[in-house]
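Written below as structure tokens is the structure these notes are about.
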Amino acid sequence: MGILRTIIWVFLTIVLVVFAMANWIPVTVRIWPGQDLETKLPMLILIAFLIGSIPTWIALRATRWTLNRRLDNSERQLADMRAMANRPSDPATAPNPASPPVNDIPPSPLETP
């Protein structure tokens, strides 16, 4: 699986390099009236991509933070439950093992005594 991922990344890199070399022309971008910026087209596309990915990155980080908090809370609850289950029982409240269990179920009519 790792070799396939590497092949895809190499192919994508080659395509991007060929695109950048074919479009390496200066473009003028008007930031606001009276302020013009001259840059190369591939750099403009890269900067636009990075600016556009910021909201997605922030949403991803917020989701990971929320899920990590929920996971930590669940792990704490699980540790508390395990501690309660593994604590020694109080002998005064423990059932008496010497008394036989009570059989409240009547015998089946199909059983012969």
Side-chain angles (χ1 to χ4, degrees):
M1 193 65 175
I3 188 88
L4 182 62
R5 186 180 311 141
T6 303
I7 291 171
I8 290 172
W9 278 111
V10 167
F11 178 72
L12 184 63
T13 304
I14 291 171
V15 167
L16 289 175
V17 167
V18 168
F19 173 80
M21 289 173 57
N23 292 303
W24 198 257
I25 57 172
V27 292
T28 303
V29 179
R30 177 163 296 183
I31 308 277
W32 53 77
Q35 182 70 29
D36 293 338
L37 175 68
E38 188 170 314
T39 184
K40 303 293 184 183
L41 182 62
M43 294 305 295
L44 181 64
I45 293 172
L46 177 66
I47 291 169
F49 173 77
L50 292 176
I51 290 172
S53 66
I54 289 173
T56 304
W57 181 78
I58 290 172
L60 172 70
R61 297 300 297 175
T63 302
R64 285 185 68 187
W65 179 72
T66 303
L67 291 175
N68 280 335
R69 282 186 49 218
R70 289 176 62 189
L71 181 63
D72 290 342
N73 188 22
S74 297
E75 286 176 347
R76 244 182 278 116
Q77 287 178 351
L78 179 62
D80 291 344
M81 297 287 263
R82 284 184 177 161
M84 287 177 61
N86 291 334
R87 70 178 175 175
S89 63
D90 187 16
T93 60
N96 189 0
S99 63
V102 178
N103 189 2
D104 290 339
I105 302 173
S108 171
L110 300 177
E111 291 180 8
T112 56

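The model shown is predicted, which means the values in this text are computed figures rather than measured ones. Starting from 1, each residue takes its place in the sequence as its number.
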Worksheet item: Which residue pairs satisfy the salt bridge (charged side-chain N to carboxylate O under 4.0 Å, His left out) criterion with at least one member in residues 9-21, sequence neighbours excluded?
Response: none
Worksheet item: If you link I, L, V, M, F, W and Y whenever their side-chain heavy atoms are under 4.5 Å apart, who else ends up in the same group as Leu67?
Response: none
Show every donor-acceptor pair shorter than 3.5 Å between a side-chain atom in residues 35-64 and any protein atom, with sequence neighbours excluded, or say none if there are none.
unit_1, atom_1, unit_2, atom_2, d
Asp36, OD1, Arg30, NE, 3.1
Ser53, OG, Phe49, O, 3.4
Ser53, OG, Leu50, O, 2.9
Thr63, OG1, Ala59, O, 2.9

Quiz: residues 69-82 side-chain donor-acceptor pairs under 3.5 angstrom, not counting sequence neighbours:
unit_1, atom_1, unit_2, atom_2, d
Ser74, OG, Arg70, O, 3.1

Output side-chain donor-acceptor pairs under 3.5 Å for residues 11-23, partner residues at least two apart or in another chain, one line each.
unit_1, atom_1, unit_2, atom_2, d
Thr13, OG1, Trp9, O, 2.7
Asn23, ND2, Phe19, O, 3.1

Worksheet entry | Whichever hydrophobic residues join Met84 through chains of side-chain contacts under 4.5 Å | none
